[in-house]
Amino acid sequence: DDFVISDIQVQGTERIGFETLNTYLPVRVGETLTLGLEQESIRALFRTGFFNDIALFRGDNNELIIQVVERPSIADIVIKGNRLIKTDDLTKALTGLGITQGKIFNPVEMERVILDLRRQYHNQGYYAAQVQISVEDLPRNRVALNIDITEGAPASIERISLVGNNTYTDNRLKGQMLLKEVVVFGSADKYSRPKLQADLETLRSFYLDRGFAEFDINSSQVALSEDLTEVYISVNMTEGPQYRLDQLTFSGSGRIPEAELLELLNLEAGELFSRSRIIAGINAIRDRFSDIGFAFADVDPRIDLNQDEQLATINFVLDEGSHVYVRRIEIEGNTRTRDHVLRREMRQFEKAPYSLQAVRQSTSRLNRLGYFSSVNVDTRRVADDEVDLVIQVEEQPTGSFTAGIGFSQLDGISFNLGIAEKNLLGSGNELELSINSSVAIQSADIGFTNPYFTKDGVSLSTGVFYSKVNASELNITDYTLDRLGARISVGYPTSELTRLNMGLRIEEVGVNCNTSNFVDCNNFVDDFGKTNAVLSLTGGWRYDSRNSFFFPTEGHRASVSAQAAIPGTSDVTFYKVFLDEAWWTRINDDFTLKLSASLAFGEGYGDLNRLPFYERFFAGGIGSVRGFEPNSLGGFYTPDEGSNRPRGGDARAITTAELVFPMPLIEDSSNIRLSWFVDGGNIYANLDDVDPSAFRIATGLGFSWITPVGPLAFSFSRPIKTEKGDKTQSFQFSLGVPF
Amino acid sequence: CGGIKPFKAPIAQGVVIEQAMLEELQVGLSQQQVRSLLGPNYGQHPFRPNVWDYTYSNSNRNLHPDAAGRLQLIFDDQGFLESWQVIETESRKIKL
Amino acid sequence: CSNLIQKPESQWTVEEFYDRAKSEFDNGQWKSAIEFYEKLKANFPYGDYAEQAYLELAYAYYRYDEPLSAIRELDEFIRLYPRHPQLPYAYFLKALSADSINRSWLDRFITDPANRDIQSTQQALRAYQEVIQRFPNTDYAIAAQQRLVIITNRLARRDLQVAQFYYERQAYLAAATRAQRVIEEFPNSQSSRDALVMLRKAHQKMGLDETAVDIQQVIELNR
Amino acid sequence: CSSTPTTLPEPSPLVPGIPSAPVTLDWRLNLDLVSQADGRGLAINLDGERAYVAASSGLLTALVVSNQSRYSDQVLWQARFEAPLISGPAHDSSGLYLGTAKGDLLHIHAETGRIIWQARVNSEIVATPVLTNDRVIVRTNDGRVIAINKLTGETIWVASAQMPNLFLRGGAPVLVEGNQVFIGRENGFVEALSLQNGETIWQARLAIPSGRTDLERMVDIQAQLIYDQGRLFALAYNGRLAAINAQTGNFIWTRPLSGAKDFSLHNNQLIIASDDQIVRAIDASSGTEIWNQSGLVGRLPGHVNEVAIGDEAAMLIVDGFGYLHWLSPLDGRLLARYDHIDHLQRGRQILATAIDGERYFILDRNGQLVSYLLDTGNFPMLNEQADTNE
């Protein structure tokens, strides 16, 4: 006798809320409850696994009363006997099955839990493992689960039998494989199916890359000893004859001339057939097609093998497909950097033919900005001949920030603020600001650079600087400088990778020799007076093809720059020239070799023959020659010259060789690098005295880390070649100095 | 300061229409057939969907030198090609 | 609730967990509120309190500026209780959280969210549309409608900025298509008029003069 | 190839009050190490006064069976092959036959150890070759049964089967009876092939793989088949014990039992050490259990061999910890046991046994070949003991 449900009430629930139950109920208030619906409701509620017993009643005025007996909930899970797999890994597996504290206990699922836990062990090679679960009742309708595990011995590989390898010995082939018979540590002797598949693939490409074009693995077997603790792997193969290449022909699209195709293929008749070299050749051709807009071109090698002469002729069928166009370029992940700051680096435009070369150039330009820890341009196909480019970036800290209030007996309370931000508020502009003031020293240096002053990348950078030292407060230093000036410079891109820049710099330098007997200082003041204003021209040329700003693994950066005072505008006329060259190359996935050399020299002209003593070059410390005290190379003034400060020189030569690798043992080492370095260099009186045999050399371990506060670097070093009197320093560190 | 012209990145815009494609173009083709023959119709008139203008211009002359500058196609109301003409044979040069 | 201190948490009843979490929630201690709501959910996953805990926990995450965790909790709530009376609030809070991913305090003065992280703005757009479409005659729908106007204006402004970017670099076809997208997808946004002007200028530069004239007529039509 | 014995589980204690068997050590010989599971494929082959033993290191040794003298004149000759020997030696008047892990069948001259011919079968030969008057029948690891001409080494016929992803190492040699070749496969099938041409006569399925992982789906018929008056007895791992009509392949009776160790037939009773480590006697005509002995549970009881004690018979079972156990075939009572371990302090696992009257040969995991003599005269007789036992 059906009836219209006026209301739904639930009796007997302790832990299950009405809404939870209501979700599974196939009936609603207001519907008529038929016999069919009643059965279906009971079945639906049983399927939830929450209840031991369910009964439906009809209330006095047609309410639907649901009476249930809840199953106990799990109060505690105790796991014993597990050594190999940690308890919380097992608990995670149990959570995956819905077996956690607080959840409803369903005895039917215990069988599945035992199977799954045992499978956790089987995957690790513990084939003989056993799992038992005992359930213990607790008050208030709760239960405790006791899971005890007997792990048994792990199955290790007893023998790998290779059948049919006539040309290469067992040891040679087994050397290539991940799975090993005897192993000192690690788990290479534990069988795993993926590792075996990988090994079979390794054997296949080992043979296919050495001329065995018809090599085939007939079958492979994995067997267990009866007590399930020893694994026997056998691989049965047929080598087939060893082939050499015969003629190579092309058919299909004629868009690329054959000579160029052969050069891209980089294969000649007579060399051994090698699958990987053929694939490399095909990719080179495909990339060439992508460069001219055919992004989905296909190159299909038709190989036919002449068995008796053991020669392989290949006909490459070129199917260029249709021109491919870029419909839209989107940017993801730029939570701080503005859209146009990325888009202006792109060499690929929307509604234009797709060019792989342009996309590659854009990716390395974005990497060179230094704003992102990772840049990935995802090419998504939206039609046969259209793609969307999605630039996926991960932003990283792009500046350093130091602020502080200090006190020292020397110059009383001091306050300093330092900001260096390469991507100010995501605008792509660069700001450098440092202000500090104390009783003795007040200085400020503000610089602003806009890399895209014009839309084609002409950059403009300006800056003012001021520093005033009132010498009476600082009685110990031998001389102090007061500086006031401004600089402006414009940068031109002269090609995809090279830039030219020119600028002006006006500066007034006040020299005050505090102690009476600092000879160089007094001579300078006698000749040129205390303060001199200098107007000088700055200029330079730079080539930069690095594939990333902070830790490049490929590329080359060379620069020539000079600064020369304009004659006639001041007595203190001198020039300085800087030559820098750095080169990175990838040795393997982790290791990168960096070689760099720099030469700086200068000279006075007109009345001045040597650089003013305060403009000389110094070397030593992080950023030049690690392992020696900062600025200590090139000797010191003697006491009778009235100072003990480093002397400096008019020429500086530095070279570095560095092996850079990511920090081991941590997964995300994207902004941390270790390096083993050999630094060498020295300071010379002038350019002609530069002679590398007088280099000071040190080697050691460097560490660099891009932190939110700024780039942090420190190094432990040991001098190799030093002279008497050099001041070495094994531990050095710097914060905020871009490396 | 200094009259050197700065380097400007090459730019290209539009769809490359080659002579081979024009040979296969004939009145009566459906919009879909024209689309797969010539390429995406980026130059479709914003308010008159049956007027398509294929244009191509670039700053680097040796890339696709034989691409047509402008091709206009008119479709009838049922969407079949009524008439077409190459308005500019030479692709337009973008002066950077 | 003094007696709570003596009893170790493992013996707390669901009411005790809820009271503690609610008191933290009421005086804005989002971090500890989150902690106790998570414990309540872990120990009593099915009760009536669990249902309420999901919503309040999501709000706590939202106010604690962890929008992604808020969205995760709300998705779980929607999956578990598809017929719950509080469903409209859950969808609306989810939209608010998505909207707050791209928020920054500088937006009121200098920076413009239109040129940043468009992905989360589109996610917010979809979430607001879902609120309006699922629960049309609730006041959440009205609030969602207002936010929708701001979001669509932002998306339109972004496309127009990109069109401007390409126009300055003589990529006129790209500029025209981006402008056209503003007119088609955000017809009544503030930027649609400027988009029409951009569309005409781009077609003039491409030498498609008749089309430019047609566009000019459309501009005058809805001046 | 040296292999350290794997860490086995702790053995359960021995049943107290069982006398030690009157066994004396005759001689002991050091061969190379043998890996555990390959030992199943190796056999000590006796032909009256000589024994031939192969080791998986490639060393084949021929030695004089009964001789009290020192090592030197014990060994007749030794031959070393570069491929590991993992099956055989099989022996008859035409010489010795051995299977290697490099997929070759070697026919060796019994007097000198020289190779007569070598046949390439392109997969490891895992079971001891079976010899008939004109051909050698071998089983390979990739599921093929190959008949090879004894004189020339050429293949006569090949019967292949699909191998599961994971199965038990090695396998029992085929059983030749009249014109039929019976084989228990790794996929749970018993097959009868024609000795002439290898055609399949009939197939019977003893076990169906169930479960999700390869390990749970293993259903090898690993134990040696037994033929008796037209009946074929087979035991499957994770499967059943069955009596099969050898002509038709129909089941006479089957009974759920899982095991991988060889069993033996003694006056119409099958004596089996199954997976649950309980030794049972099953009536060969009806499949009903007659007695069971659970004294060896936890001691990994292995193959069951029938041995002669004077004119009586007893059942010898070697366990996984180096003990030999003699059981009475009447009621399964443990008659006596002998600890192979204490003589050598090291030989834990016994890999192969061969019994020739009172002489017992044991090849163990550490490469020791030992020959014991059993003084059947004062072996604790079966009947006297029967009544006094509790």
Side-chain angles (χ1 to χ4, degrees), chain A residues 10 13-25 28-29 48 50 70 73-76 95 98 100-104 140 325-344 346 348-352 390 392-393 395 424-428 452 454-456, chain C residues 10-11 13-14 39-54 77 79-87 101-104 106 109-120 122 158-159 161-178 181 202:
Chain A
V10 180
T13 53
E14 260 170 64
R15 313 173 74 84
I16 308 290
F18 172 76
E19 271 307 327
T20 315
L21 192 122
N22 184 12
T23 320
Y24 299 99
L25 259 185
R28 287 247 189 92
V29 169
T48 62
F50 293 155
E70 272 181 15
S73 73
I74 300 171
D76 192 9
T95 321
T100 53
Q101 207 188 3
K103 285 284 173 39
I104 297 293
R140 286 197 280 124
Y325 297 90
V326 172
R327 182 182 66 146
R328 198 178 305 139
I329 298 177
E330 296 297 358
I331 297 172
E332 279 176 8
N334 56 331
T335 46
R336 208 164 68 87
T337 312
R338 295 180 195 169
D339 178 285
H340 63 84
V341 172
L342 287 113
R343 205 175 286 274
R344 66 188 182 194
M346 291 298 291
Q348 170 71 52
F349 285 80
E350 286 183 345
K351 298 299 174 298
V390 177
Q392 296 158 334
V393 290
E395 296 194 316
L424 189 62
L425 302 175
S427 65
Y452 275 82
T454 75
K455 59 179 173 43
D456 295 312
Chain C
S10 56
Q11 268 119 27
T13 66
V14 65
K39 280 193 183 133
L40 183 146
K41 260 173 53 190
N43 293 322
F44 304 93
Y46 305 106
D48 301 337
Y49 286 102
E51 295 153 28
Q52 195 53 26
Y54 270 109
F77 178 83
R79 189 181 64 80
L80 279 175
Y81 311 110
R83 296 207 199 111
H84 199 282
Q86 293 272 23
L87 222 49
I101 292 172
N102 188 10
R103 191 176 48 206
S104 123
L106 286 171
F109 329 101
I110 331 163
T111 51
D112 169 7
N115 53 37
R116 264 198 339 263
D117 194 6
I118 273 315
Q119 209 185 4
S120 67
Q122 277 153 352
R158 175 191 177 269
D159 272 341
Q161 279 169 5
V162 174
Q164 185 63 30
F165 171 88
Y166 280 122
Y167 184 83
E168 280 156 18
R169 284 167 173 71
Q170 303 181 63
Y172 299 119
L173 196 53
T177 322
R178 281 275 175 172
R181 187 161 171 238

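Predicted, not measured: the structure shown is a model, and the values here were computed from it. Letters A, B, ... are given to chains in the order of the sequence lines, protein chains preceding strands, and every chain is numbered from 1.
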Checking C:Arg116 side chain against A:Thr335 main chain: does a donor-acceptor pair fall under 3.5 Å?
yes

If you round to the nearest 0.5 Å, how far is CZ of C:Arg178 from NZ of A:Lys351?
7.5 Å

Flag, side chain of C:Arg83 to backbone of A:Asn22, donor-acceptor distance under 3.5 Å
yes

Closest contact, heavy atoms only, A:Asp339 versus C:Arg158
OD2-NH2, 3.3 Å

A:Arg327, part contacting chain C, at a heavy-atom distance under 4.5 Å
neither

Test of understanding: with side chain to side chain donor-acceptor pair (under 3.5 Å), list the residues that count as partners of A:Thr95, not counting sequence neighbours.
none

What part of C:Gln119 gets within 4.5 angstrom of chain A, counting heavy atoms only: side chain, backbone, both, or neither?
side chain

Counting only heavy atoms closer than 4.5 Å, note whether A:Ile104 contacts chain C via side chain, backbone, both or neither.
both

Restricting to ring pair (Phe, Tyr, Trp, His ring centres under 6.0 Å), what partner residues turn up for A:Tyr452, sequence neighbours left out?
none

Given a strict heavy-atom distance threshold of 4.5 Å, which part of A:Ser427 is in contact with chain C: side chain, backbone, both, or neither?
neither

Measure across A:Thr23 and C:Pro82 and return the closest heavy-atom pair with its distance rounded to 0.1 Å.
CG2-CD, 2.9 Å

List the steps, then state whether side-chain contact (heavy atoms from CB on, under 4.5 Å) holds for A:His340 with C:Gln161.
CA-CA 9 Å; A:His340 63 84; C:Gln161 279 169 5; over 6 Å; no

Between CG of C:Leu173 and CD of A:Glu350, what distance do you get to the nearest 0.5 Å?
10.0 Å

At a 4.5 Å cut-off on heavy atoms, which part of C:Val14 comes close to chain A: side chain, backbone, both, or neither?
neither

Using a cut-off of under 4.5 Å on heavy-atom pairs, state which of A:Thr337, A:Leu425, A:Asn334 scores highest against chain C.
A:Asn334

Quick check on C:Tyr81 against chain A: is it the side chain, the backbone, both or neither that has a heavy atom closer than 4.5 Å?
both

Heavy-atom check, side chain of C:Arg169 versus side chain of A:Arg344, under 4.5 Å:
yes

Name the region of A:Leu21, side chain, backbone, both or neither, that has any atom closer than 4.5 Å to a heavy atom of chain C.
neither

Nearest 0.5 angstrom please: C:Ile118 CD1 to A:Glu332 CD, how far?
11.0 Å

Counting heavy-atom pairs under 4.5 Å with chain C, which one of A:Val326, A:Leu342, A:Ile329 comes out on top?
A:Ile329

To check you understand the geometry: which heavy-atom pair defines the closest contact between C:Asp48 and A:Phe18, and what is its length?
OD1-N, 3.2 Å

Which value, rounded to the nearest 0.5 Å, describes the distance between C:Asn115 atom CG and A:Arg343 atom CZ?
11.0 Å

